[in-house]
Amino acid sequence: MYWVPRHNIIFGKVILHTGWYPDFQPRLFRRGFASFDPARVVHELPVFEGGAGHLQSPLIHFNYESVSEFLAKQMRYADLDVQRLREEGVRPRFWAPVLQPLRQFRWRFFGLQGYRDGGHGLLLSVLMTYYDFQVYWRLRKAVQAQGDTARG
């Protein structure tokens with residue numbers, strides 16, 4: 001099995017930071033030596049028997065053409081993440097919808113050097129911050145709807 005790096009082209013630009021590169025994906029594996037983790041509904045990861053290598057040449061992945069396309073897909077992922085977190089018994093603290101997104105921005109823009117992707121890095125950092133806000137806001141609402149009291 002080999003892990004292959006991807007060059008993600010987002011909004012017409014190759015993104016080399018902000019957490020979108022090298023974006024290694026499992027590819028080139030022998031049939032019958034891998035299975036998929038049934039717990040992962042999206043972005044499935046195969047479980048392999050044997051060793052793994054890493055290729056150097058990236059695949060080109062035309063990811064998102066527009067902000068509206070990006071947001072639509074991320075909101076579908078947010079629903080799946082809320083479902084997964086609920087199944088794991090996560091009950092967000094009162095301030096999680098604010099603090100988690102701020103951590104996300106700091107991590108993407110500064111920690112993963114999103115600033116090096118210029119305006120695209122800033123936009124992607126903000127969009128992923130909004131994604132985290134949606135996940136934790138929806139999770140908090142789901143917990144409240146079931147009568148749970150969020151830890152705090």
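For reference, positions follow the sequence shown, starting with 1.
Summarising the geometry, atom CZ belonging to R138 is positioned 12.5 Å from atom CG belonging to L85; distances are rounded to the nearest 0.5 Å. Put simply, CG on L112 and CD1 on I15 are 13.0 Å apart, with the number rounded to the nearest 0.5 Å. Here the CG-CZ distance, from L127 to R108, works out to 10.5 Å after rounding to the nearest 0.5 Å. The distance from atom CZ of F62 to atom CD1 of I10, rounded to the nearest 0.5 Å, is 12.0 Å. How far CZ of R91 is from CG of L139: 10.5 Å, rounded to the nearest 0.5 Å. For the atom pair T18 OG1 and L123 CG, the distance stands at 10.0 Å (nearest 0.5 Å).
Salt-bridge check for E88 with R84: passed, with a basic side-chain N closer than 4.0 Å to an acidic carboxylate O. A salt bridge is absent between D79 and R76: the closest approach of a Lys/Arg side-chain nitrogen to an acidic carboxylate oxygen does not fall below 4.0 angstrom.
Cluster annotation: F105 and W20 are assigned to distinct hydrophobic clusters (Ile/Leu/Val/Met/Phe/Trp/Tyr, side-chain heavy-atom contacts under 4.5 Å, transitive). Under the 4.5 Å side-chain heavy-atom criterion for Ile, Leu, Val, Met, Phe, Trp and Tyr, Y115 and W107 are members of distinct hydrophobic clusters. Under the 4.5 Å side-chain heavy-atom criterion for Ile, Leu, Val, Met, Phe, Trp and Tyr, L124 and M75 are members of the same hydrophobic cluster. Hydrophobic clustering keeps V126 apart from Y130 (ILVMFWY residues linked when any side-chain heavy atoms are closer than 4.5 Å, directly or through intermediates). Clustering ILVMFWY residues whenever any of their side-chain heavy atoms sit less than 4.5 angstrom apart, transitively, puts L102 in a cluster other than the one holding L122.
R86 and Q83 form no side-chain donor-acceptor contact under 3.5 Å, judged by distance and modelled atom types alone. For the residue pair Q134 and D132, no side-chain donor N or O sits within less than 3.5 Å of a side-chain acceptor on the partner.
Remark: side-chain polar atoms of H120 are paired, donor with acceptor, to backbone N or O of F11 under 3.5 angstrom.
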**Message:** One pair to check against side chain to side chain donor-acceptor pair (under 3.5 Å): R103 and Q100. What are the steps and the verdict?
**Reply:** CA-CA 5 Å; R103 284 188 202 103; Q100 275 306 122; 2.4 Å; yes
**Request:** Kindly indicate, with the supporting measurements, whether the criterion side-chain contact (heavy atoms from CB on, under 4.5 Å) is fulfilled by N63 and I9.
**Result:** CA-CA 6 Å; N63 209 329; I9 298 178; over 6 Å; no
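The two residues L59 and V4 come nearest to each other via the heavy atoms CG-CG1, 3.5 Å. Closest heavy-atom contact between P101 and A96: CD-O, 3.4 Å. When all heavy atoms of F133 and P97 are compared, the pair lying nearest together is CD1-O, 3.1 Å. Residues Q25 and D23 come closest through the heavy atom pair NE2-OD1, 2.9 Å. Residue R6 comes nearest to Y21 through the heavy atom pair O-CD1, 3.0 Å, listed as atom of the first residue, atom of the second, then distance. Listed here is the closest heavy atom pair of L55 and L28: CD1-CD1, 3.5 Å.
The ring of Y2 has its center no closer than 6.0 angstrom to the ring center of H54.
For the side-chain hydrogen bond (donor to acceptor under 3.5 Å, both in side chains) test with Y64, the passing option among K73, E69, Q74 is Q74; the others fail.
Side-chain atoms of F94 and R140, non-hydrogen and from C-beta on, do get closer than 4.5 Å to each other.
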